Novice: 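The structure is given below, and queries will be raised subsequently.
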2 protein chains.
Amino acid sequence: MRRHVLLYGLLAGVLIAALRLIEYRWLVLEHSVEIYGGLVAAVFATLGIWLGLRLTRHTETVVVREVEVPAPVNFVRDQSKVDSLGITPRELEVLELIAAGLSNKEIAERVYVSENTVKTHSSRVFDKLGARRRTQAVQLGKELRLIP
Amino acid sequence: MRRHVLLYGLLAGVLIAALRLIEYRWLVLEHSVEIYGGLVAAVFATLGIWLGLRLTRHTETVVVREVEVPAPVNFVRDQSKVDSLGITPRELEVLELIAAGLSNKEIAERVYVSENTVKTHSSRVFDKLGARRRTQAVQLGKELRLIP
DNA sequence: CCCAAAATCATCCATTCGGATGACGCGCGT
DNA sequence: ACGCGCGTCATCCGAATGGATGATTTTGGG
């Protein structure tokens, strides 16, 4: 912006100087003043238009149109509930895998522990959640914002 | 647009005429030509800028910014998937209750049928979904927008 | 009315899950 | 060093679940 104004002023100065230099050489006609004025008018009008266009070229009007997007809802774990329920990271991990539909055996293979260990974790987390089935645990886990 | 150009030309003509009328009356100074030129330059530059602004005033760039709205649970069942998978209403109902964390026995009591019937429905829906466990069926059901 | 789809119920059997319980090792803080 | 929380693994057993299959009844549309 400031650069534009400076450039504009500079061009104007050069032009005026140029006109002063040449006005006595070949503008010695009858209506030299009119021609001179017309020239100046045309040039400055052009420059003005250019400047005006320049000034507004990038002023986009941002129209915010709210669109209902399926919204994957950036999940944030309710750590306070995790803490208050005393659920350990490993238990939470197992709960997530249960929610993903994996069997105990698949979970065991996934996290490199025995199936018995997975059973222990799941039993503990069921107990802490007050769930009697894994589907219920999943439901409660989602409701309590422990898992996405 | 065309109106702007016409108006611009008209103003220019009037201005030039006015200048011609007054130039011999009180612009009889030493540097009258420079003053005259500067005046014309300033006026036409102003007009040019104004015109330039005019020309681009209404060229708004519409930027659609998708805003993630809290997305209330405006759940809409994907009936096309239900149909394409050939899932019956009863099967869908059972799937929902499974997702709610109920056992087969509880579902049976809830919908007044025998546990065997619930087992049949669940088995069929598992088969249609390609699920091997109820947790997996729930996961798939949610993913396919069959259940909330 | 008739038929196909849907819903219902059942039995048998294998697998999975859940509950209860005990044990061992590791890291951490007192 | 000791206790504690956490993670690990195990065994036993009953309940729940899943798979396969067959049968009967209800229902909705042509």
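Labels below follow one simple rule: chain letters A, B, ... track the order of the sequence lines, proteins then strands, and each chain is numbered from 1. Values in this document were obtained by computation on a predicted structure and should not be read as measured data. As a basis for the values below, the full set of heavy atoms in this structure was taken, side chains included, without hydrogen atoms, waters or symmetry mates.
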Novice: Could you note down all residue pairs passing salt bridge (Lys or Arg N to Asp or Glu O under 4.0 Å) where residues 134-148 of chain A supplies at least one of them, sequence neighbours left out?
Specialist: none
Novice: Using the C1' atoms of the five pairs at each end, what is the angle between the end axes of the helix from C/dC1-D/dG30 to C/dT30-D/dA1, to 10°?
Specialist: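 That helix gives 50° between its end axes.
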Novice: Using a cut-off of under 3.5 Å, enumerate the N/O to N/O pairs linking the protein to nucleotides 11-18 of chain D.
Specialist:
unit_1	atom_1	unit_2	atom_2	d
D/dT17	OP1	B/Arg134	NH1	3.3
D/dT17	OP2	B/Asn104	N	3.0
D/dG18	OP1	B/Arg134	N	2.6
D/dG18	OP2	B/Arg134	NE	3.2
D/dG18	N7	B/Lys119	NZ	3.1
D/dG18	O6	B/Lys119	NZ	2.5

Novice: Taking ILVMFWY side chains as joined if any heavy atoms are under 4.5 angstrom apart, and letting links pass through other members, which residues group with B/Ile107?
Specialist: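 Direct or chained contacts put B/Ile107 with B/Val82, B/Leu85, B/Ile87, B/Leu92, B/Val94, B/Leu95, B/Leu97, B/Ile98, B/Leu102, B/Val111, B/Val113, B/Val118, B/Val125, B/Phe126, B/Leu129, B/Val138, B/Leu140, B/Leu144, B/Leu146, B/Ile147.
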Novice: Between protein and nucleic acid, restricted to nucleotides 6-8 of chain D and to nitrogen or oxygen atoms under 3.5 Å apart, what atom pairs and distances do you find?
Specialist:
unit_1	atom_1	unit_2	atom_2	d
D/dG7	OP1	A/Arg90	N	3.2
D/dG7	OP2	A/Thr88	OG1	2.4
D/dT8	OP1	A/Arg90	NE	3.3
D/dT8	OP1	A/Arg90	NH2	2.8
D/dT8	OP2	A/Arg90	NE	2.8
D/dT8	OP2	A/His121	NE2	2.9

Novice: Atom CD of A/Glu115 and atom OG of A/Ser103: how far apart are they, to the nearest 0.5 Å?
Specialist: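 That separation rounds to 7.0 Å.
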Novice: Which pairs with one or both residues in residues 94-110 of chain A pass salt bridge (Lys or Arg N to Asp or Glu O under 4.0 Å), sequence neighbours excluded?
Specialist: A/Arg77-A/Glu96, A/Glu106-B/Arg133
Novice: Run the side-chain contact (heavy atoms from CB on, under 4.5 Å) test against A/Ser114 and tell me which residues pass, sequence neighbours left out.
Specialist: A/Asn116, A/Thr117
Novice: List, with names and distances, any nitrogen or oxygen atoms from the protein found under 3.5 Å away from nitrogen or oxygen atoms belonging to nucleotides 24-30 of chain C.
Specialist:
none

Novice: Among residues 137-148 of chain A, which contact DNA chain D at a heavy-atom distance under 4.0 Å?
Specialist: none
Novice: Across nucleotides 25-30 of chain D, 5' to 3', mark each nucleotide with B, S or - according to how protein heavy atoms within less than 4.0 Å reach it.
Specialist: ------
Novice: Output every pair passing salt bridge (Lys or Arg N to Asp or Glu O under 4.0 Å) with a member in residues 81-91 of chain B, not counting sequence neighbours, ordered by first then second residue.
Specialist: B/Asp78-B/Lys81, B/Arg90-B/Glu93, B/Glu91-B/Lys128
Novice: How long is the line joining CD of A/Glu109 and C1' of D/dC9, in whole Å?
Specialist: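 Whole-Å distance recorded here is 16 Å.
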